Amino acid sequence: MTLRLYRPADASACLSIFDSNVPTYFAPEERSDFERFLCEQATDSAFQVIERDGSIVACGGLLRCGDGSAGFCWGMVERALHRRGIGRELALARLHQAEADPSITRITLSTSQHTQGFYAGLGFEVTRVVADGHGAGIDAVEMERRV
C-alpha cells in the first residue's frame, strides 16, 4: 500500500469509494458535499489517498483549525476492503500528521454508530451523539482525542 497526497485526478476514484459505502456509512445526500470538498478543499487540507495494486482504495484528510484542534474529514475505505487494516493505516497516518504539528492539541471527528468503536480503539472518546445526524439511520457520533 502507498499513502500519498490527493490530486484532482483522484476525484472519480474517491467518489467511487464514497458510493461503495452508501447507505450504511454515508447518506446519499452527502455525496454533493463530498464532491464539493474534493473540488474546493481537498488539496488544502492534507487530504490523502491510499493506493493498493495501482488503485485508490481509501481516502481521508486532516483539517487544521485555528483553536488548537484539527478534524478528521471524509475518511473512507472501499467497502469490499473493510476490516483489512487499510482504515487503521489511514487513521494512524492522520494521527501522525497531527502529532507532528505542535499547534494541534486535540483531534475531533464526526462518525457514525457503525464506526465509533473503530475510533474508540484509537483513543477517541464520544463527546456527543445526534440521532440521524448524518442521515436517516446514520447517527452523528462526535468524538475527540487529545494529542
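All figures in this text were calculated on a predicted structure; none of them were measured in a lab.
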Answer whether the closest heavy-atom distance between the side chains of [X] and [Y] falls below 4.5 Å.
| X | Y | result |
| --- | --- | --- |
| E125 | M143 | no |
| H114 | T24 | yes |
| V57 | V77 | no |
| V141 | V126 | yes |
| F26 | W74 | yes |
| L92 | L122 | yes |
| R52 | E78 | no |
| T43 | Y6 | yes |

F72 and Y119 aromatic ring geometry - parallel, tilted or perpendicular at 30°/60° bounds: perpendicular
Kindly assign one of parallel, tilted or perpendicular to the pair F18 and F34, based on the angle between their ring planes and the thresholds 30° and 60°.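 If you compare the ring of F18 with that of F34, the planes turn out parallel.
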So, [X] side chain and [Y] main chain: donor-acceptor pair closer than 3.5 Å or not?
| X | Y | value |
| --- | --- | --- |
| D44 | Q41 | no |
| S103 | G68 | no |
| Q113 | G137 | yes |
| E30 | A27 | yes |

Can V129 be reached from F124 by stepping across I, L, V, M, F, W or Y side chains whose heavy atoms are under 4.5 Å apart? yes
Once rounded to the nearest 0.5 Å, what's the spacing between atom [atom1] of [X] and atom [atom2] of [Y]?
| X | Y | atom1 | atom2 | answer |
| --- | --- | --- | --- | --- |
| C59 | L3 | SG | CG | 11.5 Å |
| C14 | F37 | SG | CZ | 9.5 Å |
| I50 | I86 | CD1 | CD1 | 7.0 Å |
| L62 | I104 | CG | CD1 | 5.0 Å |
| L15 | M76 | CG | CE | 8.5 Å |
| E35 | S12 | CD | OG | 10.5 Å |

Any chance you could lay out the side chain to side chain contact (heavy atoms under 4.5 Å, CB included) test for E51 and M1, step after step, and finish with the verdict? CA-CA 6 Å; E51 290 182 322; M1 289 190 290; over 6 Å; no
So which pairs with a foot in residues 89-106 pass salt bridge (Lys or Arg N to Asp or Glu O under 4.0 Å), sequence neighbours left out? R64-D101, D67-R106, E99-R145, R106-E144
Can you name the closest pair of heavy atoms from [X] and [Y] and give their distance?
| X | Y | answer |
| --- | --- | --- |
| A98 | V147 | O-CG1, 4.3 Å |
| S112 | I138 | CB-CG2, 3.6 Å |
| E142 | S110 | CG-OG, 4.0 Å |
| F47 | C73 | CE1-O, 3.9 Å |

Is any NZ, NE, NH1 or NH2 atom of the basic residue among R128 and D139 found under 4.0 Å from an Asp or Glu carboxylate oxygen of the other? no
Examine Y25 together with H82 and report whether their ring centres are nearer than 6.0 Å. yes
Look at atom CZ of R88 and say whether more than 12 heavy atoms of other residues, nucleotides or ligands are closer to it than 6.0 Å.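 Counting other residues, nucleotides and ligands, CZ of R88 stays at 12 neighbours or fewer.
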Take D19 and R31 through the side chain to side chain contact (heavy atoms under 4.5 Å, CB included) test and state the conclusion after the steps. CA-CA 8 Å; D19 292 341; R31 191 179 199 276; 2.7 Å; yes
Between T111 and H134, is there a side-chain donor-acceptor contact under 3.5 Å, judged purely by atom types and distance? no
Pick out which of L81, I56, V49 makes a side-chain contact (heavy atoms from CB on, under 4.5 Å) with I17. I56
